[in-house]
Amino acid sequence: MIGISRRGWWLILLVWTAYGLVGAVQQHASYALSRGIALPWSISLLTQLGLASGWALATPGIIWLGRRFPLERGRWTTSLPVHLAAALLLAIVLNLAYAWLAFPLLPAAPNAPPATTRALQLLAGWLLADTVVYTAVVTASTLADQQRRLRARDLAAAELETQLTKAELQALEMQLQPHFLFNSLHTIGAMVRTGNQAGAIQVLTGLADLLRRVLDRSASHEVPLRQELDFARTYLEIERVRFRDRLTVEVLAPADLLDAPVPHLVLQPLIENAIRHGVAPTPGPCTVRVEAARSTGTLSLTVLDDGLAPAHPDTDRGAGIGLANTRARLARLYGDGSELHFDLNPPRGHAVRIVLPYRETRPA
C-alpha cells in the first residue's frame, strides 16, 4: 500500500489540475504569439490536462519509489540509479502518450517531419524538464513524510510526558498512603484503647474523606485551589488530632484565588515536609501555615512551620523525594513558568514555596 491519505489524493488532483491549466494557457499564448494561430481553448485544455492526468496517475508510483528508495545519506548509490531509470521511463511514456493525443489535434508546421521524428524531438526537448518535475515530486513527498514523522514523534513525546506526569502523581499518592495511613491508624488505635471514641471517629471520618478525595481526583493534573486547600485542611486536622495541642493550623488564601487551577496534591508533600521535619522533632507547640498569594501573572503557594531548625541546615532536605517529585511535576506541567524554593524561616522553622502561572479559571 502506498499509504496516501484522502487529503493527499485531493492535493495530488489539485496540484496537477493547476499544472494542466497553466500549461494550457502557455500553449494557447505560444501558438498565438509565435505562429499567429488562434488555437481553440478546447484543444489546449484537452492536451495539457491530458498530460497533467498522466503525471497525476504516475504520482502515487513516484511517491512509492521515493519511500522505497530514499535519497538520503548512505542510500545514494542504490537509490539514484533507480530514480534516474524511473524518470527516463516515465518521460518516454508521457511524451509518447502526449504525441498520440496531441499531434492529431494540433496544427503542424509547414514541412514538419514525420510524427515519429517529432515525438523523438519532443522527448529530447522535454526530458530535462520532466526529470525536474519527477525530482520535485520525490522531494515534496520526502519532505511531507519527514514532517509527518516529526509530528508523530512530537505527539508521542507529548503522550509520554502526560504518562510520566500521571505516573508521578500516582507515585505521590502512593507515597501519601503508607506514611499517613500508618500514623492515622496508629492514632485511631491509641484513641480506641484510651476510650476516646469521639476522637477516633473524627480521625476515621477525616481519613475516609481524604482517601475519597485522592481516589476521586487521581486522574486529574489540576484542581481548583479551593479543593486543594480543603484537602490540606483535612490532612492537617488529622495530624492536629495526632499532635494535640502541639500543632496549630492556619490557612490564608484570598477568596478571589480559590478558583485558580493548581496541580492536584501539590501541597501534600510540602505539608508532610513541615510535619516530619518541623513539627515532629519539636517538643513544644508549632504552627503550620498555608498561604496563597497572587503576583503579576503568578500564583505562589507557601507552607511554613516554626519548628526547631537544625544548627546546620541539611541542604539535601530541599531535594527529598517528595519535594523532588513536586519539582519534576511542576517542570513537566509548566516548564520554566514554575519554581520551587526551600528556605529556613527565621527566627526558626522552614518555608517551602512554589510559584505557578496564574489562571483565573480551570481550563476546560
Side-chain angles (χ1 to χ4, degrees), residues 1-31 39-72 75-108 112-152:
M1 296 294 293
I2 298 176
I4 301 176
S5 65
R6 179 178 299 181
R7 180 183 177 185
W9 287 111
W10 279 109
L11 182 61
I12 290 173
L13 178 62
L14 178 63
V15 168
W16 288 118
T17 299
Y19 179 87
L21 292 175
V22 171
V25 172
Q26 290 178 335
Q27 186 179 66
H28 186 83
S30 175
Y31 270 82
L39 188 67
W41 278 106
S42 58
I43 294 179
S44 295
L45 290 172
L46 178 62
T47 55
Q48 293 302 314
L49 287 176
L51 178 62
S53 298
W55 278 107
L57 293 173
T59 295
I62 299 174
I63 293 175
W64 181 85
L65 283 175
R67 294 172 178 173
R68 180 66 178 81
F69 301 96
L71 294 172
E72 58 187 21
R75 302 288 297 274
W76 284 95
T77 55
T78 56
S79 297
L80 186 59
V82 171
H83 287 291
L84 289 176
L88 177 61
L89 178 61
L90 181 60
I92 292 173
V93 171
L94 289 178
N95 279 279
L96 289 177
Y98 178 82
W100 174 81
L101 173 67
F103 284 179
L105 300 176
L106 296 174
T116 303
T117 303
R118 291 162 58 197
L120 292 175
Q121 291 174 345
L122 187 66
L123 174 62
W126 283 10
L127 181 59
L128 178 60
D130 288 345
T131 302
V132 171
V133 173
Y134 177 97
T135 303
V137 174
V138 172
T139 301
S141 172
T142 301
L143 292 176
D145 286 344
Q146 290 177 349
Q147 186 178 26
R148 185 168 55 253
R149 286 194 294 269
L150 287 175
R151 285 199 302 265

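Worth saying up front: this structure is predicted, and the values here are computed from it rather than measured. Basis for what follows: all heavy atoms, side chains included, without hydrogens, waters or symmetry-related copies.
- Remark: N95 CG to D130 CG distance equals 5.5 Å, nearest 0.5 Å.
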Return all side-chain donor-acceptor pairs below 3.5 angstrom for residues 11-24, not counting sequence neighbours, or 'none' if the list is empty.
| from | atom 1 | to | atom 2 | distance (Å) |
| --- | --- | --- | --- | --- |
| W16 | NE1 | T59 | OG1 | 2.8 |
| T17 | OG1 | L13 | O | 2.7 |

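- Nearest heavy atom pair, residue P81 against residue W76, reads CD-O, 3.8 Å.
- S79 and P70 get closest at one heavy-atom pair: OG-O, 2.9 Å.
- Nearest heavy-atom pair across S44 and T47 is O-OG1, 3.1 Å.
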I'd like a table of donor-acceptor pairs (distance under 3.5 Å, sequence neighbours excluded) in which one partner is a side-chain atom from residues 83-94, with atom names and distances.
| from | atom 1 | to | atom 2 | distance (Å) |
| --- | --- | --- | --- | --- |
| H83 | ND1 | Y134 | OH | 2.9 |
| H83 | NE2 | F69 | O | 2.7 |

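- Within the 4.5 Å cutoff, side-chain heavy atoms of L65 are placed close to those of V82.
- Atom CG of L106 and atom CD of Q27 lie 5.0 Å apart (nearest 0.5 Å).
- If you take CD on Q147 and CG on L143, they are separated by 8.5 Å, rounding to the nearest 0.5 Å.
- More than 12 heavy atoms of other residues, nucleotides or ligands lie within 6.0 Å of CH2 in W41, so this atom counts as buried by the packing criterion.
- A donor-acceptor pair is defined here as one N or O able to donate and one able to accept, closer than 3.5 Å; such a pair exists between the side chain of H28 and the backbone of L39.
- Between the side chain of T78 and the backbone N or O of R75, at least one donor-acceptor pair lies under 3.5 Å.
- The OH atom of Y98 sits 4.5 Å away from atom CH2 of W126, with the distance rounded to the nearest 0.5 Å.
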